[in-house]
Undergrad: 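Sharing a structure with you now.
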Amino acid sequence: MRLARTLGVLIGVSALWFAPARAADEIVIGFATAASGFMQAYDKPAQDAAMIRIDEINKAGGLLGRKIKAVFADTKTDQAEGAKAGLAVLDQGADLVVVSCDYDFGAPAALQAQAAGKVSFFLCAESIKAGIPGVGPYSFSGSVLAAVQGATMAEWAYNKKNARTFYRLLDSWTVYNKGICDGFDWMMPKLKDAKLAGSDTFKNDDASIASQITRIKSLPKEPDAIMVCTMMPGAVSAIKQIRAAGIKSMILNGSSMDGSYWLNAIPDLSNFYVPVQGSIYGDDPNPKVNEFNKKYKDVTGGDPSSQYVYPGYVLIEVWAKAVERAKTTDAPAVVAELEKMNNEATLFGPRTFNKDIHHQNQGRYLIIDTEGGKPKMVDQWTISEKIPVDYLVSK
């Protein structure tokens with residue numbers, strides 16, 4: 001037994017010694033993401049978008065005159081496997097480690113990158129922890145905080161739809177859901193005449209939210225807007241029940257409910273609004289986004305399923321800019337350049353990073369309105385002030 005254990009250690013060490021060396025003229029990006037398990041549905045589309053940007057850079061001559069090589073390791077939607085995947089891509093010479101969309105599943109790989117002194121980017125995580133507070137100073141996210149989504153919908157509905165009474169309905173299943181409502185809570189006191197008519201909670205797998213609906217219907221007047229902080233799959237049931245009860249209030253949600261793939265379950269859904277970083281419906285005001293959607297379909301064989309495709313493209317875009325400006329892939333220099341970015345233009349809206357936050361606490365969102373079961377872009381909004389980092393961290 002002792003001999004077998006010793007041989008195992010020696011084999012493991014040998015595997016590290018003889019890990020394939022990267023070519024001197026290559027820059028390596030390692031994807032420690034889910035190629036299996038439920039996180040694949042989130043990671044794969046964003047990773048495909050990242051690969052499109054990598055291909056564009058390579059066709060334009062590369063980065064610092066060197067081609068980008070992508071290497072991959074499957075986290076299997078498992079936190080322990082995530083740490084292994086992070087080590088695996090680092091062993092293959094990764095200069096940048098790209099990790100899963102979700103903080104809980106992406107953090108193990110990101111922590112390995114942090115320990116190795118390498119930059120990591122979450123594909124589309126929207127928790128403040130997916131960065132400095134949860135991983136460290138070399139960690140970033142390509143997406144916009146969930147709290148910004150909640151704040152955006154509250155301020156937009158107040159200013160553009162004249163909503164004055166709101167009802168808050170929180171699905172307590174995930175940190176993401178809570179983040180949406182945290183942003184809503186932060187914005188509400190800033191809306192002069194806005195009032196919270198009531199607040200309630202449910203769980204994503206609740207078969208019925210009849211009691212919550214009863215409390216909404218018992219109000220003296222139907223609220224102007226219901227802020228529903230939820231995500232798939234339970235969101236469909238909750239929204240369907242609200243409408244089946246005859247409640248016609250505007251329903252606001254976070255970006256998690258972007259996409260038309262679920263609308264056949266509520267075919268006549270109307271007065272339903274979500275914020276997105278870019279429109280997948282062919283009506284984005286930026287024609288280059290519509291061009292990207294076509295390219296995505298040409299490359300992958302399918303249309304973007306939701307706005308969560310886009311952060312993968314963005315993270316490669318901003319990291320590559322920082323590398324070019326730093327003239328190196330060394331993490332301290334690249335991080336310093338990323339932290340100088342203030343409303344940095346990207347294909348899917350501006351990005352800002354600084355020494356206190358490696359995520360977006362303010363951002364331009366397009367507003368998608370679903371009417372008669374058909375979503376379309378109707379407006380865009382940027383919250384009037386950034387959500388304070390101290391507030392975000394305290395939540």
Side-chain angles (χ1 to χ4, degrees), residues 126 144 146 148-171 173 176-177 179-181 183-184 187-188 194 196-200 202 204 206 208-209 212-213 216-217 219 221-284 303-308 365-381:
E126 295 172 344
V144 183
V148 179
Q149 298 166 28
T152 296
M153 297 315 294
E155 190 175 46
W156 174 81
Y158 178 87
N159 282 281
K160 301 301 285 286
K161 301 294 284 186
N162 203 35
R164 291 296 181 267
T165 57
F166 293 80
Y167 199 92
R168 177 187 186 273
L169 189 56
L170 168 64
D171 168 6
W173 182 39
Y176 166 79
N177 295 342
I180 300 171
C181 272
F184 172 82
M187 181 58 74
M188 277 295 290
L196 189 64
S199 184
D200 223 325
F202 70 104
N204 197 267
D206 284 348
S208 171
I209 60 166
Q212 293 88 338
I213 287 172
I216 295 172
K217 289 181 71 68
L219 294 170
K221 183 184 176 183
E222 193 172 273
D224 296 326
I226 302 173
M227 182 76 243
V228 186
C229 307
T230 187
M231 62 186 295
M232 296 293 287
V236 175
S237 174
I239 294 165
K240 188 173 185 177
Q241 289 178 64
I242 290 170
R243 286 293 185 250
I247 297 172
K248 297 181 180 179
S249 303
M250 178 189 332
I251 297 178
L252 313 174
N253 210 106
S255 302
S256 61
M257 295 309 293
D258 181 37
S260 58
Y261 60 93
W262 59 274
L263 288 172
N264 59 348
I266 319 174
D268 297 320
L269 180 64
S270 295
N271 208 17
F272 179 78
Y273 301 87
V274 298
V276 299
Q277 295 171 47
S279 174
I280 66 172
Y281 306 106
D283 57 1
D284 197 289
D303 294 312
S305 57
S306 79
Q307 67 108 48
Y308 284 103
Y365 269 112
L366 303 181
I367 308 298
I368 300 297
D369 172 20
T370 297
E371 298 294 337
K374 296 181 179 180
K376 65 177 181 178
M377 196 280 292
V378 293
D379 206 351
Q380 52 186 294
W381 193 262

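Owing to the predicted nature of the structure, the values given are computational and were not obtained by experimental measurement. Heavy-atom basis, side chains included; hydrogens, waters and symmetry copies ignored.
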Undergrad: Distance from R243 atom CZ to K248 atom NZ, nearest 0.5 Å?
TA: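 One gets 9.5 Å once the value is rounded to the nearest 0.5 Å.
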
Undergrad: When you compare the side chain of L269 with that of K240, does any pair of heavy atoms fall below 4.5 Å?
TA: no

Undergrad: Just do the side-chain contact (heavy atoms from CB on, under 4.5 Å) check on E222 and I247 with the steps written out, would you?
TA: CA-CA 7 Å; E222 193 172 273; I247 297 172; 3.9 Å; yes

Undergrad: So, taking the atom named CG in N271 and the one named OG in S249, what distance separates them when rounded to the nearest 0.5 Å?
TA: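 Taking CG in N271 and OG in S249, the distance rounds to 8.0 Å.
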
Undergrad: For I280 versus S305, what's the shortest heavy-atom pair and its separation?
TA: CD1-O, 3.5 Å

Undergrad: Give me the atom names and distance for the closest heavy-atom approach of N177 to C229.
TA: O-CB, 3.3 Å

Undergrad: Is the shortest heavy-atom distance from the side chain of N204 to the side chain of M231 under 4.5 Å?
TA: yes

Undergrad: Answer yes or no: is there a side-chain heavy-atom contact under 4.5 Å between I180 and M227?
TA: yes

Undergrad: Hey, would you say the Y365 and W156 ring centroids sit under 6.0 Å apart?
TA: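 When the ring centroids of Y365 and W156 are compared, they turn out to be at least 6.0 Å apart.
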
Undergrad: If you round to the nearest 0.5 Å, how far is CG of D268 from CD of E371?
TA: 11.5 Å

Undergrad: Step by step, work out the side-chain hydrogen bond (donor to acceptor under 3.5 Å, both in side chains) result for Y308 and E126.
TA: CA-CA 11 Å; Y308 284 103; E126 295 172 344; 2.9 Å; yes

Undergrad: Within the 4.5 Å heavy-atom criterion, are I266 and T370 side-chain neighbours or not?
TA: no

Undergrad: Heavy atoms, side chains only, cut-off 4.5 Å: are M232 and Y261 in contact?
TA: yes

Undergrad: Do the side chains of N162 and D224 get nearer than 4.5 Å, heavy atoms only?
TA: no

Undergrad: Would you mind reporting whether T165 and K221 have side-chain heavy atoms less than 4.5 Å apart?
TA: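 Result no, sub-4.5 Å side-chain heavy-atom pair not found.
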
Undergrad: Is any side-chain heavy atom of F166 closer than 4.5 Å to a side-chain heavy atom of L252?
TA: yes

Undergrad: With rounding to the nearest 0.5 angstrom, report the CD to CG distance, Q307 to D258.
TA: 5.5 Å

Undergrad: Roughly how far apart are I209 CD1 and D200 CG, rounded to 0.5 Å?
TA: 9.0 Å

Undergrad: Could you state the interatomic distance from CG (D379) to CD1 (I367), rounded to the nearest 0.5 Å?
TA: 6.5 Å

Undergrad: Could you check whether F272 and W262 have their ring centres less than 6.0 Å apart?
TA: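 Here the rings of F272 and W262 have centres that are less than 6.0 Å from each other.
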
Undergrad: Looking only at non-hydrogen atoms, find the nearest pair between L263 and G373 and report the distance.
TA: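 Scanning both residues, the minimum pair turns out to be CD1-O, 3.5 Å.
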
Undergrad: Grab the two heavy atoms, one from S260 and one from Y281, that are nearest each other, plus how far apart they are.
TA: N-OH, 3.9 Å

Undergrad: For Q149 and Y176, which I'm curious about, is there any donor-acceptor pair between the side chains at under 3.5 Å?
TA: yes

